[in-house]
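Heads up, the thing below is written out as C-alpha cells.
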Amino acid sequence: MALQKHHTLLLIVLASLVISTAMGLRHGFGLFLEPMSSDFGWGRGVFAFALAVQNLIWGLSQPFTGALADRFGAAKIIVAGGILYVLGLCFMSLSTSALGMTVSAGLLIGFGLSGTTFSVILGAVGRAVPAEKRSMAMGIVSAAGSFGQFAMLPGTLGLIEWLGWSSALLAMGAIAALMIPLGAMLKDRPSPKALGDLSLRDALNEAAGQKGFWLLCLGFFVCGFQVVFIAVHLPGYLFDNGLAVQVGTTVLALVGLFNIVGTYTAGWMGGIWSKPRLLSWLYLIRGVIITAFIALPLTTTSAYLFGIAMGLLWLSTVPLTNGIVASVFGVRHLSMLGGIVFLFHQLGSFMGVWLGGFLYDLTGHYDTVWQIAIVLSVVAAALHWFISEKPLARPSAGQVTT
C-alpha cells in the first residue's frame, strides 16, 4: 500500500512538472505577436492563423494521442510530444514567412502539445488515483499548469527583451527539452483489461449515443474560444488602448497565478457538488466579468482586476469537465474520450484566435469578438445545466441481453 502511494505521488509530481512546462511555455506565445508581426510586416492575421492552426492540430490529434496513451501508457506519448515541441520552437525561431510560422508554431507545436498536456496527463492521473480522490488530483495537476503560466510568463518577456524574439524561442526550446526525461520517468500503466470492459469501438459508440457527452463537447468549445482569444489577443488589445506592453504581460501572469487557486478549488468543489452545475455558474460568471471589462473605462487597475477574475475561472473547467467524463464513462478510455471533448475545446480555440486576428485586420478593433464571447458564456451555461454525471449502467460481465 505504501509503495502504491509513493508511485501515485511520484506520478502526480512528474505529471505536474510536464504540464507546468508545456502550458507555461505556450502561455507566452501572445508576447511574440507584436515583435514578429512588426519585424516581418505581417498583419496580426498571419501570427493569429499560425496559432489557430496550432490549436486545431492540438485538438484534432488529441483523441489519437489519448487512445495511444490509454493503450501503451502516457510516458512514451509525452516523450514524443516533448521532442515535437522542441523542434517546433526551434523552427519557429527561424521562421520568416507565413508558411514557416504555420509549420513550426502551428503543426509541430500543435502535435507536441497534444502529447504533453491535459488529456494524456489527466488520463494518467485518473487511472492512478481512487475515484473519490480523482477530482482533487486532477485539480492539483491542472493547478500546476496554471503555476507554469504564472512563473514562465515574466521569464519569457525577459528573454525577449534580453535576447530578442528569435533567440528567446531557442531558449524556450531548451526549457521544453526538460519534458523528455520527465516524461520518460513517468511510470504510468494502462488500466488492466477486465471482464465487461468495452473495446475502443464500443466505448466510442457508447459515448456518441449520450446526449450529455455532446453537450459537454459543445460547452468546452466555448471555453476554448474565450481563453485562447484572450491569451493571444489581450496584450495587443491593451497596447492598442494605450497601456504599456508590461501591463499585458502582468495581466497574463495574474491569470496564471490566480488560476492556481481556481483550478485547485474547482477540483475540490467537484468532489462535493454537481460538476455540471458548477460549470454552468462558472460560464455565467465569465460572461459577467467580460461584460464589465469592456463596458467600464479601461485602466491599468481594471486590466489587473480582469486578469485576477479571469484567472480564477481560467482552467477551472478542466478538472470538472474531465471529472464528468471519468464519472460517466470510467477511466479505461479516459484519455481518448477526454481527447474528443478537448477537440471541441480546440475547435473553439481555433475560432477564437483566428477570428480575433481576422476581424481586427478587417475592422481595426476587437469589439465584435468580445461580444461573441459574452453570448457564448450564456449558451455554455445553459448547455451544462442539462448534463448528468451519473455513471452509465452497463450489463455486468456474462449478462445475456435479448
Side-chain angles (χ1 to χ4, degrees), residues 23-38 44 47-48 51 145-161 165 222-263 282-317 349 352-353 355-357 359-361 363-377:
M23 295 301 294
L25 292 171
R26 172 184 173 271
H27 197 56
F29 285 159
L31 300 179
F32 291 88
L33 185 152
E34 188 62 36
M36 292 188 72
S37 298
S38 296
R44 293 186 184 181
F47 190 95
L51 291 198
S146 306
F147 176 77
Q149 294 176 353
F150 163 70
M152 290 190 183
L153 200 64
T156 300
L157 179 63
L159 287 172
I160 294 173
E161 293 176 341
W165 64 262
V222 174
C223 180
F225 184 99
Q226 293 174 333
V227 300
V228 178
F229 163 68
I230 292 171
V232 173
H233 292 287
L234 184 62
Y237 173 77
L238 297 176
F239 183 78
D240 290 345
N241 283 276
L243 300 184
V245 173
Q246 289 77 9
V247 174
T249 305
T250 303
V251 171
L252 292 182
L254 287 170
V255 168
L257 176 63
F258 283 87
N259 195 19
I260 299 170
V261 178
T263 49
L282 188 154
Y283 282 109
L284 274 179
I285 296 170
R286 263 195 199 175
V288 171
I289 291 169
I290 294 172
T291 301
F293 177 62
I294 64 173
L296 297 174
L298 180 60
T299 64
T300 300
T301 301
S302 70
Y304 290 163
L305 290 174
F306 178 72
I308 292 169
M310 285 302 298
L312 292 170
L313 307 172
W314 194 254
L315 295 182
S316 301
T317 58
S349 300
V353 69
L355 197 61
L359 289 179
Y360 180 88
D361 286 344
T363 66
H365 59 74
Y366 291 111
D367 294 355
T368 304
V369 191
W370 284 118
Q371 293 162 7
I372 292 172
I374 294 167
V375 172
L376 287 177
S377 286

Please confirm whether Trp370 and Phe229 have ring centers closer than 6.0 angstrom.
yes
Taking atom OH as the centre, does Tyr304 end up with more than 12 heavy-atom neighbours from other residues, nucleotides or ligands that are less than 6.0 angstrom away?
yes
Kindly list each side-chain donor-acceptor pair under 3.5 angstrom involving residues 241-252, sequence neighbours excluded, with atom names and distances?
unit_1: Asn241; atom_1: ND2; unit_2: Tyr237; atom_2: O; d: 2.8
unit_1: Thr249; atom_1: OG1; unit_2: Val245; atom_2: O; d: 3.4
unit_1: Thr250; atom_1: OG1; unit_2: Gln246; atom_2: O; d: 2.8

So NE2 of His233 and CG of Leu33: to nearest 0.5 Å the spacing works out to 7.0 Å
Which pairs with one or both residues in residues 294-305 pass salt bridge (Lys or Arg N to Asp or Glu O under 4.0 Å), sequence neighbours excluded?
none
Donor-acceptor under 3.5 Å (Ser316 side chain, Gly262 main chain):
yes
Rounded to the nearest 0.5 Å, how far apart are CD of Glu161 and OG1 of Thr156?
11.0 Å
Taking all non-hydrogen atoms of both residues into account, name the closest pair between Ala303 and Phe293 and its distance.
CA-CE1, 4.1 Å
Once rounded to the nearest 0.5 Å, what's the spacing between atom CD1 of Ile285 and atom CG of Leu313?
6.0 Å
Using the side chain to side chain contact (heavy atoms under 4.5 Å, CB included) rule, pick out the option among Leu257, Asn259, Ile260 that qualifies with Phe147.
Ile260
With sequence neighbours left out, write down each residue that passes ring pair (Phe, Tyr, Trp, His ring centres under 6.0 Å) with Tyr360, or none if nothing qualifies.
Tyr366
Residues in side-chain hydrogen bond (donor to acceptor under 3.5 Å, both in side chains) with Trp165, at least two apart?
Asp39
Among all residues two or more places apart in sequence or in another chain, which pass the side-chain contact (heavy atoms from CB on, under 4.5 Å) test with Leu376?
Val222, Phe225, Ile372
Residue set satisfying salt bridge (Lys or Arg N to Asp or Glu O under 4.0 Å) with Asp240, at least two apart, ordered chain then number -> Arg44
